[in-house]
Number of protein chains: 2
Amino acid sequence: MSSPKLPSPDADSPLSRREQITLVASRLFSERGYHATSMRDLAAELGMQGGSLYAHISGKEELLIEIVNRAARQFDAALFSLKTADIAPELKLREAMSRHVSVVAENMDSATVFFHEWKHLSAGPLASVIAWRDGIEHFYRDLIAEGVAAGVYRPELNIKMTATLVLSSVNWTYTWYRPGGTLSPQDVATSFEQMLVLGLGSAAAGRKD
Amino acid sequence: MSSPKLPSPDADSPLSRREQITLVASRLFSERGYHATSMRDLAAELGMQGGSLYAHISGKEELLIEIVNRAARQFDAALFSLKTADIAPELKLREAMSRHVSVVAENMDSATVFFHEWKHLSAGPLASVIAWRDGIEHFYRDLIAEGVAAGVYRPELNIKMTATLVLSSVNWTYTWYRPGGTLSPQDVATSFEQMLVLGLGSAAAGRKD
DNA sequence: CCTACCGATCGGTAGG
DNA sequence: CCTACCGATCGGTAGG
């Protein structure tokens with residue numbers, strides 16, 4: 001019967017010590033940055049001594065790798081089922097953006113670490129993050145190409161630039177979204193998707209139609 | 001008559017030693033991050049000893065402050081003249097985005113530091129960056145509100161969300177734009193602005209007009 | 001701008 | 001999970 005110094009956030013959420021460490025590391029890495037967070041800082045927040053961390057982990061980078069990989073897997077789990085989903089093309093993009101923003105919004109800490117600190121990974125893990133980025137980009141390109149083929153998006157669109165624009169909108173949320181606020185992730189995604197698809201311009205202002 | 005150990009990049013660009021230091025610091029901070037860059041790393045790239053840097057600067061944070069403040073001033077210089085400029089509303093947003101992307105594209109290093117490392121500033125400089133962010137956001141909100149008032153943008157638009165979407169597209173460029181490539185900053189801005197204003201949707205797909 | 005150095009702190013380990 | 005410690009490195013300074 002151990003007596004944890006730091007109570008778990010909820011009595012009925014028995015996080016393993018290892019998971020607690022990863023969770024606190026996400027918060028500290030996102031707030032202070034990976035290199036600016038010391039193992040002693042991390043240990044202190046968990047109510048232990050610096051050296052004691054190494055009973056649970058092999059090193060500092062292992063934490064970063066785990067945070068980044070988990071984030072990538074969450075995006076994959078949320079999005080890649082849409083690849084083959086039987087949804088109307090005009091709804092697919094909205095659904096993808098909604099899920100994408102949700103992953104960011106529900107994991108602000110690890111999302112911030114994911115977008116900010118991946119550069120500090122060593123060669124192996126770094127390569128897999130870059131590969132992931134490539135995959136997500138092609139996922140969105142395919143979505144848009146599908147929509148163009150189905151006639152719901154304009155045929156003149158530059159697919160690459162369009163995918164970049166969509167990714168800009170959903171990724172950048174990690175810099176400004178506040179989970180406690182009035183906007184749900186769905187609100188954000190729906191609002192962005194509507195503006196993107198309908199356009200900001202008024203019909204009165206010389207749209208060719 | 002001094003004899004610089006490190007030749008300036010061009011014979012006819014007599015950068016002061018101080019400016020050289022700031023320039024190299026921008027590159028290293030953007031590549032490795034602020035905390036992961038040591039003063040000795042920086043000194044070595046400049047062909048001097050670690051301690052010698054302090055003949056030119058007062059401390060490490062001074063460099064970060066200067067890089068961040070310069071970037072903010074460049075955005076201001078590029079954009080704020082547009083506030084009162086006598087340009088048609090439908091062209092103002094395009095022009096603003098073009099200038100915004102240009103500042104990022106022509107200063108990829110300091111822009112990256114600006115977006116990534118501002119959190120590590122101490123209270124005073126931090127407050128002024130936050131104030132700057134607020135200012136730029138209101139700048140874009142005003143631009144869009146003007147356009148709505150002039151009838152070029154749809155009146156149903158949520159001004160705040162629209163400004164956020166525009167800022168997402170131009171800010172996120174620091175993560176993917178490559179200055180040597182085929183896309184000029186104007187290409188990027190024009191492409192984004194057209195997609196945003198016209199919308200991705202095809203007229204055929206049930207736009208109400 | 002260099003040499004030589006300061007105290008502090010880093011990630012990590014040994015042995016319990 | 002703790003105590004005690006390792007070598008390395010940090011930002012910065014003194015004195016020239």
Side-chain angles (χ1 to χ4, degrees), chain A residues 1-8 14-26 28-29 31-68 113 117 119-125, chain B residues 1-8 14-26 28-29 31-68 113 117 119-125:
Chain A
M1 200 160 297
S2 65
S3 58
K5 304 280 168 37
L6 196 82
S8 23
L15 287 181
S16 76
R17 203 60 170 143
R18 173 60 192 257
E19 280 167 338
Q20 286 180 41
I21 293 172
T22 309
L23 199 72
V24 175
S26 298
L28 294 187
F29 290 174
E31 285 172 0
R32 312 179 189 180
Y34 175 66
H35 280 107
T37 304
S38 77
M39 295 307 272
R40 286 164 181 81
D41 290 341
L42 177 56
E45 294 255 345
L46 289 153
M48 56 169 87
Q49 298 301 312
S52 306
L53 283 169
Y54 293 86
H56 300 94
I57 60 168
S58 73
K60 191 182 184 182
E61 200 194 356
E62 190 180 276
L63 289 173
L64 181 58
I65 294 173
E66 186 167 314
I67 295 167
V68 168
V113 175
E117 312 290 346
K119 279 189 182 178
H120 300 128
L121 290 166
S122 50
Chain B
M1 202 161 296
S2 65
S3 57
K5 304 278 167 40
L6 196 84
S8 24
L15 288 180
S16 76
R17 202 61 170 144
R18 172 62 192 258
E19 280 167 338
Q20 286 180 41
I21 294 172
T22 309
L23 200 71
V24 175
S26 298
L28 295 188
F29 290 174
E31 286 171 1
R32 313 178 188 179
Y34 176 66
H35 279 107
T37 305
S38 77
M39 296 307 271
R40 285 164 182 81
D41 290 341
L42 176 56
E45 294 255 344
L46 289 154
M48 56 169 88
Q49 298 301 313
S52 305
L53 283 168
Y54 294 84
H56 300 94
I57 61 169
S58 73
K60 191 182 184 183
E61 199 193 355
E62 190 181 276
L63 288 173
L64 181 57
I65 293 173
E66 187 168 312
I67 295 168
V68 167
V113 175
E117 313 290 346
K119 278 190 182 175
H120 301 128
L121 289 166
S122 50

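Lettering of chains follows the sequences in order, A, B, ..., and the numbering in each one begins at 1.
Atom CG in A:D41 sits about 11 Å away from atom P in C:dT9, given to the nearest Å. Nucleotide D:dA4 holds its C1' atom 11 Å from the CD atom of A:Q49, rounded to whole Å. Here the P atom of nucleotide D:dC1 and the CD1 atom of A:I21 are 7 Å apart, to the nearest Å. If you take CE of B:M48 and P of C:dC2, they are 7 Å apart, rounded to a whole angstrom.
If you check D:dC2 for Watson-Crick or wobble pairing at under 3.5 angstrom, you find it paired to C:dG15.
Stacking of A:K60 on the aromatic ring of A:Y34 is recorded, both the 6.0 Å distance cut-off and the 45° axial limit being met.
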With side-chain contact (heavy atoms from CB on, under 4.5 Å) as the criterion, how do B:E31 and B:L28 come out once you've worked through the C-alpha distance, each side chain's angles and the decisive distance to 0.1 Å?
CA-CA 5 Å; B:E31 286 171 1; B:L28 295 188; 4.1 Å; yes
Strictly under 4.0 angstrom, non-hydrogen atoms only: write out the protein contact profile of nucleotides 11-16 of chain C, one letter per nucleotide from the 5' end, B, S or -.
BBB---
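Between the side chain of A:T37 and the backbone N or O of A:G33, at least one donor-acceptor pair lies under 3.5 Å. One N or O on the side chain of A:E19 and one on the backbone of A:S16 form a donor-acceptor pair closer than 3.5 Å.
For the pair B:R40 and B:E45, the salt-bridge criterion is not met [side-chain N within less than 4.0 Å of a carboxylate O].
B:D41 has its side chain within reach of B:R32: a pair of non-hydrogen atoms, C-beta onward, lies under 4.5 Å apart.
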